[in-house]
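Read through the structure below, which is laid out as structure tokens, and then see the notes.
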Amino acid sequence: MADQTSQEPYDEGPVAALRRIAFLLERGREDTYKVKAYRGAAAAILPMGEDAVAAAVADGTLRRVDGVGASTATVIEQAVRGQRPDRLVRAEAEHGGPLVEGGEELHALLRGDLHSHSDWSDGGSPIEEMAFSAIELGREYQVLTDHSPRLKVARGLSAERLARQLDVVDAVNDHLAGTGFTLLKGIEVDILDDGSLDQSDEMLDRLDVRVASVHSKLKMEPEAMTRRMVAAVRNPRVDVLGHCTGRLVTGGRGTRAESTFDARAVFEACAESGTAVEINSRPERRDPPTRLLELARDLGCLFSIDTDAHAPGQLDFLAYGAQRAEAAGIDPERIVNTWPKQRLLEWASS
């Protein structure tokens with residue numbers, strides 16, 4: 001079988017093959033170390049140029065390149081010879097199909113994603129890699145929302161680091177001019193114990209979109225948690241309430257129970273303030289739970305279907321959120337990332 005698949009023609013080059021394999025492994029929620037091998041090999045050969053890589057394949061020195069191992073070398077060698085790499089064929093077969101049944105029509109309406117992370121905080125890939133992957137998925141915009149400073153375990157950004165990141169986003173957008181895609185400036189800002197936000201008003205005002213989430217004291221007493229969340233969603237600088245219960249239902253980090261709070265009071269405050277309730281698409285979160293998703297729907301809330309992606313392959317997780325939103329009968333017009341960029345920005349700045 002391997003001999004047959006390696007004879008399929010392939011003309012996209014070894015870097016594209018390695019990136020695609022890494023993307024598919026992330027999409028399929030494979031172990032991180034496998035992903036890093038392919039993405040690391042792509043980074044290792046990219047500066048060499050096509051001719052030098054081809055020469056290394058021809059003279060048998062490819063496997064001496066730092067970052068290139070036996071399996072990644074085989075991918076490179078097959079791609080350089082114009083053969084579709086066997087590992088790519090296998091990854092496409094295992095992880096290239098639909099992630100979930102249902103939600104396809106709504107998924108097609110989504111223009112972007114308001115919650116994603118880069119290696120500036122706890123994501124695994126550079127900003128530009130996340131942007132390129134969003135473009136490849138057909139997105140019109142992607143909001144970069146690295147963490148705020150209090151979340152030290154996730155290398156949250158101080159005001160100074162965030163200011164530097166904004167310059168990088170400008171540079172990425174200059175490079176991508178003419179593609180029809182925009183990387184938007186954002187943050188996932190911690191909701192502090194009293195409902196205030198873990199970043200200065202000055203810095204928050206420089207951003208396009210702000211997601212606010214609870215990451216600490218998730219077992220706070222319900223009354224206090226309710227006051228905390230209501231204060232945050234009523235803040236005019238908050239656009240999206242992220243993963244509202246903080247629960248984990250599966251995955252490598254184990255499970256975690258929902259935070260308890262008066263959901264009606266929180267969602268009524270969201271509806272009155274025009275703050276969107278996030279439908280977090282990560283399979284390990286599925287947040288909010290269905291009963292709360294339906295309550296927010298009935299109370300007239302806006303929504304944002306987000307990936308909370310920490311790696312390029314996870315940017316495709318919008319399919320999970322779209323399936324849940326469609327099953328809950330949520331009108332696409334109430335989902336802010338079905339809106340064109342200009343309408344989204346006007347809403348976020350109002």
Do [X] and [Y] belong to the same hydrophobic cluster, where Ile, Leu, Val, Met, Phe, Trp and Tyr are linked whenever their side-chain heavy atoms lie under 4.5 Å apart, directly or via other members?
X	Y	answer
Val143	Leu302	yes
Leu292	Ile305	yes
Leu114	Ile135	no
Met225	Leu151	no
Val211	Trp347	yes

Under 4.5 Å between any side-chain heavy atoms of [X] and [Y], yes or no?
X	Y	value
Arg237	Val189	no
Leu24	Glu94	no
Arg334	Arg297	yes
His107	Gln323	no
Arg20	Glu12	no
Ile45	Leu18	yes
Glu128	Phe132	yes
Glu8	Val89	yes

Would you name the heavy atoms of [X] and [Y] that are closest together and state the gap between them?
X	Y	result
Arg19	Ala42	CG-CB, 4.2 Å
Glu326	Leu106	OE1-N, 3.5 Å
Tyr320	Pro283	CE1-CG, 3.5 Å
Val214	Met229	CG2-CG, 4.3 Å
Gly246	Asp287	N-OD2, 2.9 Å
Leu299	Phe267	CD1-CB, 3.7 Å

Got a salt bridge between [X] and [Y], using NZ or NE/NH1/NH2 to carboxylate O under 4.0 Å?
X	Y	value
Arg285	Glu278	no
Arg343	Glu333	yes
Arg84	Glu92	no
Arg39	Glu26	yes
Arg63	Glu77	yes

So for atom [atom1], which belongs to [X], do other residues, nucleotides or ligands contribute more than 12 heavy atoms lying within a distance under 6.0 Å?
X	atom1	value
Glu221	CD	no
Asp51	CG	no
Asp66	CG	no

Do the side chain of [X] and the main chain of [Y] share a donor and acceptor less than 3.5 angstrom apart?
X	Y	value
Tyr10	Ala17	yes
Arg111	Glu140	no
Arg282	Asp308	yes
Arg228	Gly195	no
Arg161	Arg155	yes
Arg206	Leu166	no
Arg210	Ala348	yes
Thr255	Leu248	no
Asn337	Ser304	no
Thr182	Tyr141	no

Working to the nearest 0.5 angstrom, can you tell me the gap between [X] [atom1] and [Y] [atom2]?
X	Y	atom1	atom2	result
Arg264	Asp298	CZ	CG	8.5 Å
Ser349	Leu344	OG	CG	9.5 Å
Ser118	Leu157	OG	CG	7.5 Å
His115	Phe317	NE2	CZ	13.5 Å
Ile21	Thr72	CD1	OG1	9.0 Å

(request) Could you check Asp146 against Ser121 for side-chain hydrogen bond (donor to acceptor under 3.5 Å, both in side chains), going step by step and ending with a plain yes or no? (result) CA-CA 6 Å; Asp146 279 316; Ser121 64; 2.6 Å; yes
(message) Can you classify the ring geometry of His147 versus His117 as parallel (below 30°), tilted (30 to 60°) or perpendicular (above 60°)?
(response) parallel
(request) Could you walk me through whether Arg87 and Ser71 pass the side-chain hydrogen bond (donor to acceptor under 3.5 Å, both in side chains) test, one step at a time? (result) CA-CA 8 Å; Arg87 187 66 185 93; Ser71 60; over 6 Å; no
(request) Would you sort out whether Arg247 and Arg286 count as a side-chain contact (heavy atoms from CB on, under 4.5 Å), showing the intermediate values? (result) CA-CA 8 Å; Arg247 73 173 187 171; Arg286 290 179 57 84; 3.4 Å; yes
(request) Check each of Asp170, Asp208, Asp167 against Lys185 using the salt bridge (charged side-chain N to carboxylate O under 4.0 Å, His left out) test, and report the only one that passes. (result)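 Running salt bridge (charged side-chain N to carboxylate O under 4.0 Å, His left out) over Asp170, Asp208, Asp167 with Lys185 returns exactly one hit, Asp170.
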(request) Walk me through it: do Gln314 and Thr307 pass the test side-chain hydrogen bond (donor to acceptor under 3.5 Å, both in side chains)? (result) CA-CA 7 Å; Gln314 296 172 3; Thr307 62; over 6 Å; no
(request) Would you mind telling me which of Thr275, Leu295, Leu241 makes a side-chain contact (heavy atoms from CB on, under 4.5 Å) with Val266? (result)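 Option passing the side-chain contact (heavy atoms from CB on, under 4.5 Å) with Val266: Leu241.
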